[in-house]
2 protein chains.
Amino acid sequence: MRITTWNVNGLRAAIRKGFEEHISRVNPDVLMLQEVRALPEQLPKQWRNPEGWHVTWHPAEKKGYSGTAIWTRDPHTIIARGINEDGSDPEGRVLHAKVKGTEVVCVYLPSGSSGDHRQAEKEKWMDVFMPWARKLKSKRTPVLLGGDFNIAHTPRDIFYAKSNEKSSGFLPHERAWMGDFIQMGYADYVREQAGDIDGPYSWWSNRGKARELDRGWRIDYLLGNKAASRIAGNITIDREAGLACSDHAPVTIELDI
Amino acid sequence: MRITTWNVNGLRAAIRKGFEEHISRVNPDVLMLQEVRALPEQLPKQWRNPEGWHVTWHPAEKKGYSGTAIWTRDPHTIIARGINEDGSDPEGRVLHAKVKGTEVVCVYLPSGSSGDHRQAEKEKWMDVFMPWARKLKSKRTPVLLGGDFNIAHTPRDIFYAKSNEKSSGFLPHERAWMGDFIQMGYADYVREQAGDIDGPYSWWSNRGKARELDRGWRIDYLLGNKAASRIAGNITIDREAGLACSDHAPVTIELDI
DNA sequence: CGTGTTAGG
DNA sequence: CCTATCACG
C-alpha cells in the first residue's frame, strides 16, 4: 500500500497545472492532501468525488484557506477531525482515518512565516498536538502521521541553515519540538532511509531560483509508530510534481500491506 | 494641438501591455487619463515623471481605485481638482487644467454597473456635475471636457441597445442626462464628425467576443464649448490601443492651436 | 512570488 | 473577464 502526503498549495491551481497526471504517476493508494484551499463545492465537478477514490474533505471554515483531505482507493472510516475533544477544527488541519487496518493522520501545522500573530498560533498548536500524538503512538495498530509540519528538524533538513536560525520553521524551540516528537517514539522514515545527508528537501520557496538550485527545506514528514515501522518500506519524493504543480513535493511510503 | 482622452483600466497593467508604444503612435500633446488605479509612488520610477511631459496626477484616496491624470507637452496650470467648492475629490474623478490658453477637464464618471449602491453614487455625481459643467461652458476661452462618462447617449452609441435598456450606462434617465448635457451647448465632437451611424465605440466588455466583433459602447466623450468648436478639428479613435492595452480606446481630437 | 479573497468595473 | 486590494504562506 502506497501512502502519499502532499501539500498542494491550492488544489484548484494544482489541477490547472497537471495534478491528475502527477497523481497517476505517483500512484498512491492513500493520498493525504494539505492546503486544499477550497470548499468541495468550489472544485471542478469531476474533482469533488473523483472516480475510483473514496474521499473525505476537511476544509477550513475560512474560504480559500488551509484545509486537508484524505483520498483512499479502498474504503476508509473517519476516526476524528482535529485534535480537540469536541471535534472542532476550524482551520481543517487534522484528519484522522483508518484504512485497511492502518491509521493515517493527515496533518497540516500552521505556518508562522507571515508574522508574530501566526507564529503564536503555531506554537499554541504545537503544544496541543504533542500530547495528542503521544497518546496515538502507543497503539498496537500501525499509525502513520503524514503532512506538512512547517518545521525543518536539523541543519541537514534545510539548505540555508545558518541564515535561517531566526526564521519561523527553523527556530531552536521548533527544532527541539520536532526532536522530542521523534524521540518519543515516532520514526522519521524519510530521514531514516536517506541517512545523514543534506536533504532530501520537499519544499522550495518560489522566490528567486530556490527551486532550480534545490535550495529547499524538508518540512513534509511521514512519521510512524512501532507497528508502522514493522511494515514500512521504500520512500520516494517526486520532485517533478513539486516543481510543476505546487511548491511542495509529494512524499510517498510503501507499506507491506 | 492633439488632445487625447483614454481610460487605461490600470496604468500599471497598461504599461506592461505596451502603453508607451501606443502613446507614441497616438502622439498627443495633451493626454487625459482615467482609471489610473495607482498612486504615483506605486508606478515604475520612469513613469512617475515621464520625460518630455508635464504631469499632474490626481489619484483616489483608496488604493488601486479610480484616479485621473493630465499629461501635457507644454506646461500647464491646474485650475481645480474635483467639482466641490472645497476642492475635495476623494475618488480623483475631475482634473481641470489650462494649457496654451485652452481649458481641459479630465472627467471620470462613476460606473453604476456593480450594483445599486454604485448606481446611487453615480446619480448623485451626475446631479452635481451638470450645474458645474453649465457654468464652465459659458467661458470665452475654449473649454474641452474629455473622459469616460460611463453613459451611452443613443442607440447608435451602443451595439446591443435593446437588451441594455435596463443596464446601468444606458438607462433612460442617464441617456436623457447625456442629452441635456449636449443640448445645453456642449458639442459632442465624435458624434458630430461620425454622423448618424452605429458607433464608433470606445469601450468593449472583455467577456465573450465583444471586442473582436466590435460590439461595444461609446462612453468616452470629447465635449467642447462654442470657443472650442471654433478650433475643433479631426477625431481619431485608436481601436488597436484599446484592444491591446485597455478595454477602452483612446479618443483624440486635433485643435487648431 | 504565488494562491486564494473581495470590491469594483 | 480583468484590475486592483489584502491575508497568508
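Lettering of chains follows the sequences in order, A, B, ..., and the numbering in each one begins at 1.
The CG atom of A:L39 sits 12 Å away from the C1' atom of C:dT5 (whole-angstrom rounding). At whole-Å resolution of the value, CD in A:E41 and C1' in C:dG4 are 15 Å apart. Straight-line distance from the CG atom of B:D220 to the C1' atom of C:dG9: 13 Å, rounded to whole Å.
Geometrically, A:R239 engages A:W204 in a cation-pi contact, judged by NZ or CZ lying under 6.0 Å from the ring centre and within 45° of the ring axis.
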Quiz item: Nucleotide by nucleotide, 5' to 3', does protein get under 4.0 Å of the base (B), only the sugar-phosphate (S), or neither (-) in nucleotides 2-9 of chain D, counting heavy atoms?
Solution: SBSSSSSB
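You'll find the side chain of B:Q42 reaches within 4.5 Å of the side chain of B:K63, heavy atoms only.
Residues passing the salt bridge (Lys or Arg N to Asp or Glu O under 4.0 Å) test with A:K162, sequence neighbours excluded: A:E165.
Within the structure, salt bridge (Lys or Arg N to Asp or Glu O under 4.0 Å) pairs that include any residue of residues 5-23 of chain B do not occur (at least two apart or interchain).
Checked options B:T154, B:D157, B:I151, B:I237; the residue passing with B:R218 is B:D157 (criterion: side chain to side chain contact (heavy atoms under 4.5 Å, CB included)).
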